[in-house]
Number of protein chains: 2
Amino acid sequence: MLDGAVGLLDEDGESALTFRALAARLGGGVGSIYWYVSSKDELLERAADHVMDQVLFESERFHGDDPIDDLRQTAMVLYGAVEHRPWLGSYFMRNSSSQPNSLRYYERVGQSVLRLGLGPRETFHAASAIIGYVIGIAADLGQQPTEEMLRGEVKRDEYLEQAADAWRALDPEEWPFLHTIADEFATHDDTDQFTSGLDLMLDGLRLQAERRARGE
Amino acid sequence: MLDGAVGLLDEDGESALTFRALAARLGGGVGSIYWYVSSKDELLERAADHVMDQVLFESERFHGDDPIDDLRQTAMVLYGAVEHRPWLGSYFMRNSSSQPNSLRYYERVGQSVLRLGLGPRETFHAASAIIGYVIGIAADLGQQPTEEMLRGEVKRDEYLEQAADAWRALDPEEWPFLHTIADEFATHDDTDQFTSGLDLMLDGLRLQAERRARGE
DNA sequence: CACTCTATCGAACAACGTTCTATATTCTCG
DNA sequence: CGAGAATATAGAACGTTGTTCGATAGAGTG
């Protein structure tokens, strides 16, 4: 059932997951679904944790010497799963009782942070910040293509170029930032953008660990 | 009209904003709203930008010597607005034509980053990462109180303590991280958590700027 | 005065989440 | 073996939602 739900979500987006569509896909009745879940919220929570099962499996292949590297790898696996599933961010780690895999993932991130030797509070904050960043940026980047980009194929470049042109037409005195980044924006890659921000945060985390190791 | 929409959202959450409820609040008819907006999506986009107007105003009061300090202040103002408005994150900066204030806010963050003297790509990535973090963590932290916490008042502490107890009951060998942070989690403050993660990212950004200034 | 533009209103429609009842299948145990 | 409970399925029905549509009234214009 969760496979069917995730399938509908992946193929046609969040609005495609309806009880009637899911029942038709499974060849059953609408009411039957309610035997397994008590609401659509719970269905989405379970679907989210279903995806997290695969994320967990893939992220457990990495075990390096550097905790920061492990964190980067673990975060990127989650990013890959959320990038084209904007709904996942909203239902990730909402209910710990019905979402054991999300909790395991949190634990896994936390164990890497633990190896940095910070205090409990810093450890808690760092692990939560990393996950919050991944979820947030993925939901931001992977938002639906606004209009007709579903029909046209190669439209993404044109869409970005069009937005960049609008920025370039603004007053450079008043909008220096948008002018500076217009070229970058037009040719940017979402994954690069994500990785850069992640590295910023991990650099800050490494710095914090070093400072503490030196006893500051 | 946007005041009424934001009012409904703030008072009773995202599900309270319906065309019928909004029409009743404004003393008008349901169909009239469609004269000003073409869909509920656009209504929420405009409502989001309406909130951003206030965010922009408050964040423009800060102008310090240190760009990083400015970034921290600017980010915290946005956090304050999104913290209790989970819907804002989903509709922030989706359509630049109907959301001028969001674009101005992006420009403002970007101008602070510009002062760090990075290249166009790093500037673009840094500004986007900061905003992505704020939106993501705020949506994560400010998610609705799951159950009955709306009736009871002081229930938040009990809820957190209950979750922490569940973590403490797990096997410490298998869940070292959750055991380490259980106490922190039970007494944590959302804003502290947000600030810590933001400082991690800003520390990393400062480090990147210094490295570039030294010509590495 | 005729006509177009602006603006408002609420009935009607299709789709959705959810509830309910009826029914079939399997399991339990005296 | 067989009656009743537990498990499981199916679909009609209900209330609510976003959206469409035609009717209608005033404002501005030639």
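To find a chain, count down the sequence lines: A is the first, B the second, and so on, and within it residues start at 1. Worth knowing before you read on, the calculation uses all heavy atoms, side chains too, and leaves out hydrogens, waters and symmetry mates. Since the model is a prediction, treat every value here as computed from it, not as a measurement.
Taking Glu60(B) as the reference, nothing meets the salt bridge (charged side-chain N to carboxylate O under 4.0 Å, His left out) condition, with sequence neighbours excluded. Contacts of Tyr133(B) classified as ring pair (Phe, Tyr, Trp, His ring centres under 6.0 Å), with partners at least two apart in sequence or in another chain: Phe194(B).
Applying the salt bridge (charged side-chain N to carboxylate O under 4.0 Å, His left out) test to every pair with at least one member in residues 161-171 of chain B, sequence neighbours left out, gives these pairs: Glu161(B)-Arg168(B), Asp165(B)-Arg168(B), Arg168(B)-Asp183(B). For the salt bridge (charged side-chain N to carboxylate O under 4.0 Å, His left out) condition, the pairs that include at least one residue of residues 96-111 of chain A, sequence neighbours left out, are Arg104(A)-Glu174(B). Listed by first and then second residue, the ring-ring contact (aromatic ring centres under 6.0 Å, His included) pairs involving residues 29-49 of chain A are Phe19(A)-Tyr34(A) (not counting sequence neighbours). The stretch residues 76-93 of chain B participates, sequence neighbours left out, in these salt bridge (charged side-chain N to carboxylate O under 4.0 Å, His left out) pairs: Asp10(B)-Arg85(B). Sorted by first and then second residue, the pairs that involve residues 165-187 of chain A and meet ring-ring contact (aromatic ring centres under 6.0 Å, His included), not counting sequence neighbours, are Trp167(A)-Phe185(A), Phe177(A)-Tyr106(B), Phe185(A)-His188(A).
Within 6.0 Å of the CZ atom in Arg121(A), the count of heavy atoms belonging to other residues, nucleotides or ligands does not exceed 12. More than 12 heavy atoms of other residues, nucleotides or ligands shown are found within 6.0 angstrom of CZ on Arg25(A).
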Residue pair Leu205(A), Leu71(A): steps toward the side-chain contact (heavy atoms from CB on, under 4.5 Å) verdict: CA-CA 11 Å; Leu205(A) 183 59; Leu71(A) 282 171; 3.9 Å; yes
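Looking only at distances, a side-chain donor or acceptor of Thr195(A) sits under 3.5 Å from a matching main-chain atom of Thr191(A).
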Between the protein and nucleotides 14-18 of chain C, are there any N/O to N/O pairs under 3.5 Å, and if so, what are the atom names and distances?
| unit_1 | atom_1 | unit_2 | atom_2 | d |
| --- | --- | --- | --- | --- |
| dG17(C) | OP1 | Lys40(A) | NZ | 2.5 |
| dG17(C) | OP2 | Phe19(A) | N | 3.0 |
| dG17(C) | N7 | Arg20(A) | NH1 | 3.0 |
| dG17(C) | O6 | Arg20(A) | NH2 | 2.8 |
| dT18(C) | OP2 | Tyr34(A) | OH | 3.0 |
| dT18(C) | OP2 | Lys40(A) | N | 2.8 |
| dT18(C) | O5' | Tyr34(A) | OH | 3.2 |

Protein-nucleic acid N or O pairs under 3.5 Å, nucleotides 4-8 of chain C:
| unit_1 | atom_1 | unit_2 | atom_2 | d |
| --- | --- | --- | --- | --- |
| dA7(C) | OP2 | Trp35(B) | NE1 | 3.2 |
| dT8(C) | OP1 | Tyr36(B) | OH | 3.4 |
| dT8(C) | OP2 | Tyr36(B) | OH | 2.6 |

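Put simply, chain A comes within 4.0 Å of DNA chain D, heavy atom to any atom, from dT7(D) to dA13(D), going 5' to 3'.
If one axis is set at each end of the helix from dC1(C)-dG30(D) to dG30(C)-dC1(D) from five pairs, those axes are 10° apart, to 10°.
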What pairs of donor and acceptor atoms, side-chain ones from residues 46-55 of chain B against any protein atom, are under 3.5 angstrom apart with sequence neighbours left out?
| unit_1 | atom_1 | unit_2 | atom_2 | d |
| --- | --- | --- | --- | --- |
| Arg46(B) | NH1 | Glu42(B) | OE2 | 2.4 |
| Asp49(B) | OD1 | Asn101(B) | N | 3.4 |
| Asp49(B) | OD1 | Ser102(B) | N | 2.9 |
| Asp49(B) | OD1 | Ser102(B) | OG | 2.9 |
| Asp49(B) | OD2 | Asn101(B) | N | 2.8 |
| Asp49(B) | OD2 | Asn101(B) | ND2 | 3.4 |
| His50(B) | NE2 | Asp3(B) | OD1 | 2.8 |
| Gln54(B) | NE2 | Glu58(B) | OE2 | 3.1 |

